[in-house]
Amino acid sequence: MEKNYEPNKIEPKWQEFWEKQGLYRAQDFSDKPKTYLLVEFPYPSGAGLHVGHCRSYTALDVIARKKRMEGENVLFPMGWDAFGLPTENYAIKTGIHPAIATKQNTETFKRQEMALGLSFDWNREINTTDPAYYKWTQWIFLKLFENGLAYKARIPINWCLACQIGLANEEVVDGKCERCGSEVEKREKEQWLIKITEYAERLIADLELVDFPERVKTQQVNWIGRSEGALVKFPLVSSHNFIEVFTTRIDTIFSGTFLIVAPGSKLIDEYQDQIKNWDEVLKYREAAQKISDIDRANEEKDITGIELKGITAVNPATNEKMPVWIADFVLEQYGTGAVFADGHDKRDFKMGKKYGLPLKTSLVPDDESITDKVKNLEICYEGEGVLFNSGQFNGLTSAESRPKIISWLQENGFAESKINYKLRDWVFSRQHYWGEPTPLVHCQKCGWVGIPEKDLPVELPNVENYKPTETGESPLASIEDWVNTKCPKCKGPAKRETDVMPNWAGSNWYFMRYCDPNNAERFAGPELLKYWMPVDWYNGGMEHTTLHLLYSRFIYKFLWDIGEVPKELGPEPYKKRTSHGMILGEGGIKMSKSKGNVINPDEVIKEWGADTLRVYEMFMGPFDQAIAWDTKGVRGVRRFLDRVYNLTNRKLIDKQSVVNDNLERLLHKTIKKVGEDIENMKFNTAVAALMILVNKMEEKEEIPKEILKKFLLILGPFAPHMAEEIWHILGEKQSIFLSGWPKYDPQFIEDQLVNLVVQINGRVRDSVEIARDVSEGEAQALVLQSAKLKQWIEGKEIKKVVFVPNKLINFVI
RNA sequence: GCCCGGGUGGUGGAAUGGUAUACACGAGAGACUUAAAAUCUCUUGCCAGUAAUGGCUUGUGGGUUCGAGUCCCACCCCGGGCACCA
C-alpha cells in the first residue's frame, strides 16, 4: 500500500520521542568535546514568533544536530529577553500586568519553537524577568558601581508634554510623539552611565582574537571611532579662561580663524553675562534641540549659526583674534563639543563664506593644478598636504607636522596629545517600570550606596499605574513605602533609585547563565564556565553589531578583569560570530501588522509541515542576506519532501546485489558538499545538493537501501521529522540522530574523466572529455586535431597558450 | 548625511580570476482525468536562424588580465545601523 507524507501526524510524534529520550540535553563535564552554539534569545513580543527567528534558529539547529551526530557534547539553549518597552506600553494601554503578558508571550514563543522541532535543551531555559535571574543582573551592576564604572550625569531624554512620558528615539517621528503627534522636547535627567569608553581600546584590539565576519569587525571599529589628535586650548580675550577643542587636524591650526561651539554646550552657559545676544543664543539652542543629531550632522544640509557676541578667543599658534560662533552641525557629545574652523573643512568653509567670516588656508595638496585655488579659497581642500603660512613648520607634510606642532604648543600649555572615541558612555537608566530595579539607595549622609548582595534581588514591586510620574520619574517613584528605606551602611533614612535598567542589562551576560542556569550562589559557577565557555558559535542579526554585541563583549571583559570569570577563559566571550539576513514580506518590504504581510509560522506548519518550513528557510537564499518571503517557494519545498517520502514506495534493494557506481559517486560527493556547506552556513546550496541526489535516485527503478539511509543521515539536520520517520520505516529502532554523521570516501570524489574547455582569446570555442591530469603537451596535441577548432586557428599564429590542468586551455592568436 | 552590506534570467538564486545562469519557482506544451486539482514528461536567459551555429548578457561607465559576476576606480539604486526598539 502506498504511504502518504502527513507531516502533522509524524511531527508531534517524533518531537515527543526526542524529548522523552532527552536527546538534546547538554552534559556538564562530559568527556566528549564540547560545542556551545548560541542564537540570540528573543524578545517575546505579542506578535508571536517571526519567520525571521525561525531562520536563525533552524540554521543553528542544523549545525547542532550535525555536531551531535559527529559525537560532540552540544549546548544549544534558549531563553527570553523579556523586559522592555513594548510590553510596558501594552500594559499602559490595556492595564494587563507586564508579567502576565510576558508569561503568555513566552508560552506562545516556546510552543512555536517546539513545533519547529528545534533541538534546544529546555532544561536550561532562562528568563531575564525572573527574580532569580535578575538578581545577578543587579549584582553585575553593583560590581560596575563598586569598581567605579558607574556614575551619574545629566543627560537629555525625549519628553512628550502631552503623554507625560519619556520616549525612546524610535518613538519620536519627525520631532513628534509617535502616539499622540504632539511636540517632543528634550529634558535633562540625572542618569546612571557606565564607562564603556574605558574599554574602547581593548574592544578594538581584541577583535584580533575572534572569528567574526570582517563587516562586523569593521562596524564595531568604526562605531568605537578611535582617532588620534590633540586637545587645544584657545584662550579667551576677556577672561583667564579658554575654550578647549579636540582636533585630528592640528596640521591646519595656523589657518584657524574662528571657533564653533555646539549650541547645547555647557561652555556657553558659563559666559552668559558676557554674551550680548543671549536671547538669540537661547532661541538658536532651542531650535537645535528639536533637530535630530542625524539631521544636524548631515553634510548636505544648509549651514546655520550665530555669533556669540562679546566673546573672542585667540589662536595660540598665530595669536590672532578669533570670533566665536555656535552652529548645530557641531555636536555636544563628540570631542569637547567645540571645533576650530578653517578653510580646510567643507562645513567650516561653507559657514565662513555664508557669514563673511575670515577664512585662511595653510596647506597645499601634491596636485599642483589646484594649489592656487586652495590658496585663494576658491575651493575647499580637505586632504593632507604640505604646510605654508605656518611659521617654523612651513614645508613639512601634514603627518610630519602634527607631533611637532603639538609639542610646540604643549611647551606653553596650549595643547596635548589626545585619543578621542566616537563611542559614548552607556546610559543605563530608564524612567520606566518593566525593567530591573537599580539596586542602589541614596542616603543623605553616605551618598549612593549599593544594596548588599544578601538582600538581592531588589524585586520589582507592583504598581497600579505603569506610566511615569508627571515629573518624568519612573512609576516606581510613586510607591512611597518602597522608595523610602534605610541606608545599608548607616541605617539612616535613604531613598531607593527609582529608574530601572535598560533592556541590555539582562542580555549582556545571559550566555553565561546558560552554563549554570540554576545556580543560586553565583551568576554561574567557575567550573561550569570553564567547561562551557567561550561560546563557540554565536549567530545573530547584523542590527545588533554595535549595541548588544559590543555591550556584551564589554561586560564579559569587565567580569573577567575582576576575576569573576575564570582567568583561563581569556578576554573574549564569543569565539565565532555569524549573522543572518532579515526575512522581508513578499515584494521585499518589511513584515508588519499594519501592512498585513506577516507570515505566521503556525499557519505555515499547519499547511505544509515544520520540515517544509525549515527546509524552505534554509533553501530560500544566502543565509547572511535579507530576502523576501515567497509562498510559491514553500510549495516547491513541500513537493521536494513529498518526493523524498515517496522514495519509500520504491523497490529498495540490498547494495550487494547491484553495481550502482554513478549513484554511489553522487552520494559521496553530496555527503562532502552538504557537510562543508553546513559548516560554512551555505544552507541553500546544501539543500540544492540534496535535491540533485533525490532527482538522481528517482530516476532509478531500484534504490540501494544503504544509499537511501546515508541520504537520510544528511537530510536529518534539515528535515529531522521526515528523516526519523523514514529511518523507522526502514526498520531502525533507535533515533537516527544517535547514528554517526556519514563519512565520504575520497575515491568517489574525483572523476577520472574531466571536461577540458578550449578557448581562443579567452572565448569558449569547444570542450573535450579527457583523462584527469593530462599534461599540457598531450592536451594541446589532442585539442588541435579537433575540426571545430580549425576554423578559428587556420592561418593564424598562436602567440601564447595558457593551460590550467583539468580545467581549460586557452590559445592566444 | 555618515558607517556597513548588496545589485546576476520573468522570480529566489548558483558560480576557489577559468564553460555565467546549478537548484528551485513561474510560464508554455503534452500525459493521466468526465473535469479540475495533484502528479508525471518535455521546453524555457535575450537576439538571429528550420537547424547546425553565431552574436549579446551579471546596476552604469572606465581600468587591470590570455581570461572579470569575481580584482581596481568613479557613479546610480536598494537594505541594515546611527546610541532610550530589541
Side-chain angles (χ1 to χ4, degrees), chain A residues 40-43 45 81 83-86 89 155-158 166-172 191 196 213-223 225 292-301 329 333 422-432 502-504 507 541-548 550-551 579 581-582 584 588 590 616 619-622 624-637 639-640 642-643 646 682 684-685 687-692 695 698 755-767 788 799-802 804 807-813:
Chain A
E40 285 168 347
F41 64 161
Y43 178 77
S45 74
D81 185 18
F83 276 131
L85 207 53
N89 287 340
I155 297 290
I157 62 162
N158 303 308
L167 299 177
N169 287 347
E170 195 192 46
E171 298 173 290
V172 182
Q191 316 219 53
I196 189 173
E214 229 21 75
R215 58 177 171 148
V216 170
K217 290 189 182 183
T218 321
Q219 273 287 62
Q220 290 207 344
V221 168
N222 292 346
W223 178 261
S292 73
D293 282 3
I294 293 172
D295 291 334
R296 280 172 59 175
N298 187 333
E299 287 178 10
E300 298 291 288
K301 91 171 178 34
F329 71 83
Q333 290 116 327
K422 282 205 187 96
L423 181 69
R424 306 204 291 261
D425 277 340
W426 176 11
V427 183
F428 216 70
S429 300
R430 300 289 184 272
Q431 294 71 49
H432 285 294
N503 178 272
W504 315 109
S507 64
M542 249 343 251
E543 70 275 19
H544 295 115
T545 300
T546 53
L547 298 178
H548 164 69
L550 196 67
Y551 290 153
S579 290
M582 288 186 24
L584 305 167
K590 217 172 186 157
Y616 170 66
F619 182 61
M620 65 195 300
D624 60 357
Q625 262 154 61
I627 196 159
W629 188 265
D630 175 20
T631 298
K632 292 195 214 94
V634 181
R635 189 160 51 207
V637 167
R639 270 205 286 257
F640 164 66
D642 278 328
R643 290 192 291 128
N646 281 334
K682 294 172 79 174
N684 53 335
T685 50
V687 174
L690 292 170
M691 288 171 167
I692 292 169
N695 290 347
E698 278 187 324
N755 201 15
L756 189 79
V757 171
V758 186
Q759 296 184 332
I760 308 288
N761 288 342
R763 308 205 51 154
V764 180
R765 294 304 177 192
D766 198 3
S767 73
K788 233 183 197 173
K799 284 193 194 147
K800 191 178 170 186
V801 181
V802 181
V804 183
K807 275 256 163 70
L808 67 78
I809 185 160
N810 184 18
F811 298 95
V812 185
I813 56 174

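Chain identifiers are assigned alphabetically (A, B, ...) following the order of the sequence lines, protein sequences preceding nucleic acid strands; residue numbering begins at 1 within each chain.
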What's touching nucleotides 59-63 of chain B from the protein side, N or O pairs under 3.5 Å?
none

Please tabulate, one pair per line, each protein N/O and nucleotide N/O from nucleotides 41-46 of chain B that are separated by under 3.5 Å, including the distance.
none

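- With sequence neighbours excluded, no residue forms a salt bridge (Lys or Arg N to Asp or Glu O under 4.0 Å) with A:R635.
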Here RNA chain B, pairs taken as Watson-Crick or G-U under 3.5 Å and shown with ( ), [ ] when crossing and | when to another strand, reads (((((((..(((.....[....)))((((((.......))))))((((....))))..(((((..]....))))))))))))....
List every contact pair, protein side and nucleotides 25-32 of chain B side both N or O, where the distance is under 3.5 Å.
unit_1, atom_1, unit_2, atom_2, d
B:C25, OP1, A:R639, NE, 3.1
B:C25, OP1, A:R639, NH2, 3.0
B:G26, OP1, A:R635, NH2, 3.3
B:G26, OP2, A:R639, NH2, 3.0

Please tabulate, one pair per line, each protein N/O and nucleotide N/O from nucleotides 15-21 of chain B that are separated by under 3.5 Å, including the distance.
unit_1, atom_1, unit_2, atom_2, d
B:A15, OP1, A:K682, NZ, 3.1
B:U16, O4, A:K807, NZ, 2.9
B:G18, N2, A:Q759, OE1, 3.1
B:U19, N3, A:N755, ND2, 3.3
B:U19, O4, A:N755, ND2, 2.3

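- Residue A:F811 is classed as having no contact, given no heavy-atom separation below 4.0 Å to the nucleic acid.
- Partners of A:K632 by salt bridge (Lys or Arg N to Asp or Glu O under 4.0 Å), not counting sequence neighbours: none found.
- Between the C1' atoms of B:C4 and B:A68, the separation comes to 25 Å (whole Å).
- Applying the salt bridge (Lys or Arg N to Asp or Glu O under 4.0 Å) test to A:D295 and every residue at least two apart in sequence or in another chain returns nothing.
- In this structure, A:N684 does not reach the B:C23 phosphate: none of its side-chain N or O atoms is under 4.0 Å from OP1 or OP2.
- Every residue meeting the side chain to side chain donor-acceptor pair (under 3.5 Å) condition with A:K301, not counting sequence neighbours, appears here in chain and number order: A:D328.
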With B for base contact, S for sugar-phosphate-only contact and - for none (protein heavy atoms under 4.0 Å), nucleotides 77-86 of chain B reads ---BSBBBBB
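- Applying the side-chain contact (heavy atoms from CB on, under 4.5 Å) rule to A:E698 yields the partners A:R643, A:L647, A:R650, A:V694, A:N695; only residues at least two apart in sequence or on another chain are considered.
- Taking A:D642 as the reference, A:R638 meet the side chain to side chain donor-acceptor pair (under 3.5 Å) condition, with sequence neighbours excluded.
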